[in-house]
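For reference, the structure discussed in these notes is given below.
Because only heavy atoms are used, hydrogens play no part in the values below, and waters and symmetry mates are left out as well, while side chains stay in.
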Amino acid sequence: MQNGGGGGAVPFDRSASLRYPNSNSKKNPPLPRSSSSRARSLTDPLLQPHQLVNQEVKVDDLETNHFVLVHGGGFGAWCWYKTIALLEEAGFKVTAVDLTGSGIHSFDTNSIASLSQYVQPLTDFLEKLADGEKVILVGHDFGGACISFAMELHSLKVSKAVFVAAAMLTSGQSALDMFSQKTDSNDLMRQSQIFIYANGNDKPPTAIDLDKSLLRDLLFNHSPAKDVALASVSMRPIPFSPVLEKLCLTDSKYGSVRRFYIETTEDNAIPIALQQNLISNNPPEQVFHLKGADHSPFFSKPQGLHRILVDISRIPST
């Protein structure tokens with residue numbers, strides 16, 4: 001499809017996957033924490049939404065029923081397929097965005113020169129929202145830095161922001177600064193990184209790829225084999241320049257958006273200690289604790305993640 005099937009083909013927007021709900025369904029230390037109460041399961045078999053949420057969700061009564069899902073580095077909108085299905089069945093509207101050079105977005109990853117360029121499909125989407133329309137942003141991994149950038153630009157269009165095992169950075173900090181806090185000599189993340197020098201070996205790297213043989217241990221240590229297989233043929237290199245870029249965040253814009261963090265306890269990419277350090281340095285309104293989740297809870301604990309997202313959507317305005 002990317003090569004074109006015929007001269008009369010109608011162009012379509014490759015930057016976002018937009019789905020609508022089914023028509024037949026309707027700073028306070030210490031930080032409050034919540035846990036998924038379901039027993040840990042490596043397969044986490046799919047259940048119906050009404051089995052996951054204790055109370056019926058009255059979607060029309062919420063401040064917003066629209067989730068915007070933002071993938072992490074190397075991932076794409078495809079990684080949210082279970083979350084999309086569960087949220088839509090519960091009556092929510094869901095948009096899963098492909099950032100520049102990610103998923104089916106056709107741009108060359110090696111040519112991405114800034115965080116602004118990388119996040120442009122998300123900021124373009126937010127710009128086009130109707131006046132007064134708000135969404136819940138959900139960012140995973142490096143997607144946390146991306147939604148932070150978008151919150152600074154479009155704070156009035158974001159009702160809540162959810163960081164899922166994500167880079168929840170402070171102003172003046174980059175994602176590289178966050179990962180530099182990990183000093184273990186046997187660091188799996190460092191072992192798995194393959195730097196790409198599209199401009200020549202005498203120039204800075206243009207992207208980072210991940211060693212396919214280490215993907216399961218790094219990102220999917222509790223995920224089903226079929227999802228690991230999907231990721232192994234779908235992941236793309238991570239642009240290097242955006243990882244280096246330091247965020248500029250203000251209290252009046254970024255700081256005005258309500259933030260929530262979802263910890264993943266069995267995470268080998270952003271270990272729980274590092275997640276808790278991020279939380280301590282930049283406290284959100286509430287922290288949720290997703291037991292048994294690896295770095296990719298949309299694969300390893302989709303129902304627990306769904307339950308928490310719905311619970312966050314139902315937290316009333318202050």
>> Other residues, nucleotides and ligands only: do more than 12 of their heavy atoms fall within 6.0 Å of NZ on Lys134?
In response: yes
> Rounded to the nearest 0.5 Å, how far apart are OH of Tyr118 and CZ of Phe107?
Replying inline: 13.0 Å
>> To the nearest 0.5 Å, what is the distance between CD on Gln120 and CG on Leu99?
In response: 11.0 Å
> What pair of heavy atoms forms the shortest contact from Asp217 to Asn268, and how long is it?
Replying inline: O-ND2, 2.8 Å
> Side chains of Leu219 and Met235: does their closest heavy-atom pair fall under 4.5 Å?
Replying inline: yes
>> For residues Ile272 and Val162: do they belong to one hydrophobic cluster (side chain heavy atoms under 4.5 Å, members Ile, Leu, Val, Met, Phe, Trp, Tyr)?
In response: no
> Taking C-beta and beyond as the side chain, do Pro242 and Ile112 meet within less than 4.5 Å on heavy atoms?
Replying inline: yes
>> Classify the ring geometry of Phe92 against Phe67: parallel below 30°, tilted from 30° to 60°, perpendicular beyond 60°.
In response: perpendicular
>> Walk me through whether Ser174 and Leu244 qualify under side chain to side chain contact (heavy atoms under 4.5 Å, CB included).
In response: CA-CA 6 Å; Ser174 70; Leu244 295 177; 5.8 Å; no
>> Go through it in stages, so that I can follow the logic: the residues are Ser171 and Tyr254, the test is side chain to side chain contact (heavy atoms under 4.5 Å, CB included), and I'd like the CA-CA distance, side-chain angles, deciding distance and then a yes or no.
In response: CA-CA 10 Å; Ser171 187; Tyr254 166 86; over 6 Å; no
> Side chains of Ser280 and Asn277: is there a donor and an acceptor less than 3.5 Å apart?
Replying inline: no
>> Pair Leu126, Leu153 - check side chain to side chain contact (heavy atoms under 4.5 Å, CB included), show working.
In response: CA-CA 9 Å; Leu126 293 174; Leu153 287 181; over 6 Å; no
>> Within a 6.0 Å radius of atom CG on Asp202, are there more than 12 heavy atoms belonging to other residues, nucleotides or ligands?
In response: yes
> Can you tell me how far the NZ atom of Lys246 sits from the CG atom of Leu169, to the nearest 0.5 Å?
Replying inline: 10.0 Å
> What pair of heavy atoms forms the shortest contact from Pro297 to Ala293, and how long is it?
Replying inline: CB-CB, 4.0 Å
> Is there a donor-acceptor contact under 3.5 Å linking the side chains of Asp294 and Ser223?
Replying inline: yes
> Mind checking whether Leu156 and Val135 sit in one hydrophobic cluster, side chains of I, L, V, M, F, W, Y counted as touching below 4.5 Å?
Replying inline: no
> Could you give the distance from CG (Leu87) to CD1 (Ile136), rounded to the nearest 0.5 Å?
Replying inline: 9.0 Å
> Among pairs that include at least one residue of residues 219-232, which meet salt bridge (charged side-chain N to carboxylate O under 4.0 Å, His left out), considering only residues two or more places apart or in two chains?
Replying inline: Lys82-Asp227
> Taking atom NE2 of His154 and atom CD1 of Ile147, what is their separation to the nearest 0.5 Å?
Replying inline: 14.0 Å
> Are Trp78 and Leu305 co-members of a hydrophobic cluster defined by side-chain heavy atoms under 4.5 Å apart?
Replying inline: yes
>> Using 30° and 60° as the class boundaries, would you call the ring planes of Trp80 and His140 parallel, tilted or perpendicular?
In response: perpendicular
> Leu230 and Tyr81: which non-hydrogen atoms are nearest, and at how many Å?
Replying inline: CD2-CE2, 3.9 Å
> Is there a side chain to side chain contact (heavy atoms under 4.5 Å, CB included) between Ile279 and Glu263 once you walk through the steps?
Replying inline: CA-CA 10 Å; Ile279 290 165; Glu263 296 177 342; 3.3 Å; yes
>> So, using side chain to side chain donor-acceptor pair (under 3.5 Å) as the criterion, who are the partners of Thr64 when residues are at least two apart?
In response: none
> Any idea which heavy atoms bring Ser148 and Leu247 closest together, and the distance?
Replying inline: CB-CD1, 4.0 Å
> Atom CG of Leu62 and atom CD1 of Ile315: how far apart are they, to the nearest 0.5 Å?
Replying inline: 11.0 Å
> If every non-hydrogen atom of Leu115 is compared with every non-hydrogen atom of Cys146, which pair is closest and at what distance?
Replying inline: CD1-SG, 4.3 Å
> Hey, quick one: are Leu176 and Leu218 part of the same hydrophobic cluster, counting side-chain heavy atoms closer than 4.5 Å, chains of contacts allowed?
Replying inline: yes
> Closest approach of Lys291 and Lys301, non-hydrogen atoms and distance?
Replying inline: O-CE, 3.4 Å
> Taking only residues two or more places apart in sequence, or in another chain, which ones meet Thr264 in a side chain to side chain donor-acceptor pair (under 3.5 Å)?
Replying inline: Asp267, Gln275
> Passes side chain to side chain donor-acceptor pair (under 3.5 Å), His289 versus Thr265? Steps please.
Replying inline: CA-CA 7 Å; His289 196 70; Thr265 63; 5.4 Å; no
